[in-house]
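See structure below.
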Amino acid sequence: MSSTALNTKAAPSYCQYQWMFCTAFSTLVLHALATLAQPRGTTFQSIGNPILADGSYYSADPAPLVVNNTLYILAGRDEAPPDQNNFIMNEWQMFVSASPNPTGGQWTHYPGIARPNSVFAWALQGTAYAAQIVQGRNGKFYLYAPVTEANSRNSDRFAIGVAVADSPLGPYKDAHPSGPILSQSVPAPGNNIQNIDPTVFVDDDGKAYVYYGTFGQLRGYELASDMATTVGSVTTVSSLTGFFEAPWIMKRGSTYYMLYAANNAGPNSPCTPTSSHACIAYGTASSPRGPWTFRGVILGIVSSTTSHSGAVEVNGQWYLVYHTADAQGGGHFRRSVAFDELRWDDTQSPPHINRITQTKRAQPNPVPTRNIAPKASASSVNTTPIQYWVKSLNDNRVPTNPLPPDYWCSYDGNNSPKMSTLVYTWDSAVTLNGTRMTFFADQPAGSNIGVPPPASWYVEYLNAVGTWEKVANTIAYPVAVTNSPREVPFKQISTKSIRAVLTASGSGNQFGGVGVKEWEALAPTAQ
Ligand SMILES: *[C@@H]1O[C@H](CO)[C@@H](O)[C@H](O)[C@H]1NC(C)=O
Ligand SMILES: *[C@@H]1O[C@H](CO)[C@@H](O)[C@H](O)[C@H]1NC(C)=O
């Protein structure tokens with residue numbers, strides 16, 4: 001069943017959420033009454049990734065946990081309004097399935113199982129960032145959570161707390177009420193990093209380890225048997241190529257694995273096309289304290305700029321759990337949890353993780369459109385600065401408040417070029433009779449700094465004799481910044497390639513950048 005179908009179904013009044021399967025509700029109520037302290041769950045049927053895709057609850061930074069052959073996925077909750085580019089995260093939630101399957105299945109959703117300021121008396125509300133729950137040797141569940149300290153003299157107030165519960169669903173109680181177990185001043189002063197993204201692993205011998213960090217900094221400690229006190233000195237990991245954030249430590253056989261979000265932006269990047277993207281890479285070690293050896297990339301970029309993963313084995317099958325912006329109304333700050341099968345290559349030593357293929361729920365048939373640019377490959381003749389992405393020219397998305405990877409731009413500080421040329425190439429000849437360009441600007445027309453609207457532009461096509469020829473346009477090329485620009489119709493052409501030549505606003509040696517959210521190539525009829 002599609003989420004659209006669920007949304008249009010008349011929901012009985014006792015249904016809290018449109019996507020809920022009400023048949024299961026009474027059972028859940030009885031269960032909730034029997035265990036009063038536990039949060040109430042609602043069941044729903046997923047039809048593929050993202051697990052919950054209707055936009056009723058966004059879910060980010062997943063951390064999987066397996067208890068009694070059941071998959072628990074702890075996640076934060078994104079609450080940013082559409083087009084607001086910052087994280088609003090006030091609570092953690094849980095998704096639970098006894099028969100997880102990336103192509104669909106039944107899940108129970110427990111919203112709001114914990115909030116930073118209700119679990120930790122010393123924490124502020126908000127910043128319910130990437131947390132993880134692990135089961136200790138005593139059977140109890142420990143929540144490692146990055147929160148913001150209310151009273152702190154640290155230059156960065158992020159800190160990691162630990163809370164404990166008898167059930168993975170809580171209720172969670174601070175296991176270290178005196179304050180965080182990790183911050184810029186705990187366990188010792190001199191830690192200058194941002195202390196978030198904890199990952200914890202309990203080894204077969206009962207010893208536990210915590211790793212954490214972001215912005216390229218990865219640190220680790222052994223934990224005492226109380227699961228809340230660090231032991232000995234810090235381990236600083238610098239051998240994991242492109243480490244950015246989101247570490248995930250686990251063990252298979254005798255090998256320790258560290259998964260992480262990586263950014264290796266640059267011309268020879270193995271995984272990220274821009275400086276804001278992340279892929280999931282991993283390294284291995286023969287000891288939980290390292291040394292760690294980079295092994296490769298297992299998940300390409302996702303539709304959100306951030307990426308965050310965890311992996312577990314459930315009933316003999318390994319899964320990688322991650323997040324995307326693929327839910328209805330989703331975005332970089334409105335992410336949703338997805339998961340896919342993770343497979344091992346046991347012919348390698350240590351065993352490698354094969355590259356993971358992202359799967360998505362069935363998508364509605366695309367609406368016929370005259371814009372056939374998404375079928376072309378896009379390139380720019382001049383170098384695209386690393387924060388921008390040429391592939392966003394023809395992604396069929398016109399964001400209102402884009403991040404740099406959501407548009408193409410020539411802005412290069414004080415060295416933005418006067419001329420830029422964008423090229424579309426199709427595999428075989430196409431027929432076109434119009435074009436449209438949607439500009440991004442953060443400066444007024446005529447400016448020679450930042451990103452003003454361009455001074456002018458025109459389109460050429462590769463003609464029958466293989467030379468660039470201007471299209472015969474019937475109106476002037478508009479440069480106004482609007483998300484619904486006028487079409488520039490032109491005399492019908494047949495070609496394998498077109499290019500747009502843009503002149504930046506400015507003069508002399510000082511030009512603004514040119515920003516393009518979308519460039520449409522319009523065929524005579526919708527297809
Ligand atoms: C797992 O199973 C054991 C034994 O039946 C039970 O005591 C425990 O409560 C279960 N744990 C969870 C989280 O359901
Ligand atoms: C281009 O195609 C559209 C849609 O079929 C049509 O309305 C328009 O008249 C055509 N324009 C030219 C210049 O051929």
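Hydrogens, waters and symmetry mates play no part in the numbers below; they use all other heavy atoms, side chains included.
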Candidate pair Glu149 and Arg157, rule salt bridge (charged side-chain N to carboxylate O under 4.0 Å, His left out), full reasoning: CA-CA 5 Å; Glu149 270 189 282; Arg157 291 177 160 213; over 6 Å; no
Tell me the ring-ring contact (aromatic ring centres under 6.0 Å, His included) pairs involving residues 130-163, sequence neighbours left out? Tyr129-Phe158
Non-hydrogen atoms of [X] and [Y] that approach each other most closely:
| X | Y | answer |
| --- | --- | --- |
| Asn264 | Cys271 | OD1-SG, 3.3 Å |
| Trp92 | Ala131 | NE1-CB, 3.5 Å |
| Pro81 | Arg334 | C-NH1, 3.5 Å |
| Ser303 | Thr324 | OG-CB, 3.5 Å |
| Asn90 | Gln125 | OD1-NE2, 4.1 Å |
| Leu71 | Val66 | CD1-CG2, 4.3 Å |

Contacts of Ala150 that satisfy side-chain contact (heavy atoms from CB on, under 4.5 Å) - sequence neighbours left out: Leu124
Set of residues satisfying side-chain contact (heavy atoms from CB on, under 4.5 Å) with respect to Asn192, sequence neighbours excluded: none
Does atom [atom1] of [X] have more than 12 heavy-atom neighbours, drawn from other residues, nucleotides or ligands, at distances under 6.0 Å?
| X | atom1 | answer |
| --- | --- | --- |
| Asp345 | CG | yes |
| Lys391 | NZ | no |
| Asn151 | CG | no |

The ring pair (Phe, Tyr, Trp, His ring centres under 6.0 Å) partner of Tyr257 among Trp292, Trp318, Trp344, Phe201 is Trp344
Do Asp346 and Gln348 have side-chain N/O donor and acceptor atoms under 3.5 Å apart? no
Distance-only polar pair, side chains of Trp389 and Asp406, donor-acceptor under 3.5 Å: no
Report yes or no: does Tyr57 contribute a side-chain atom to a donor-acceptor pair with the main-chain N or O of Leu52 at less than 3.5 Å? no
Would you say that Phe339 contacts Leu320 through its side chain, given a criterion of any heavy-atom pair below 4.5 Å between the two side chains? no
Regarding Asp203 and Arg137, does a basic nitrogen lie under 4.0 Å from an acidic carboxylate oxygen? no
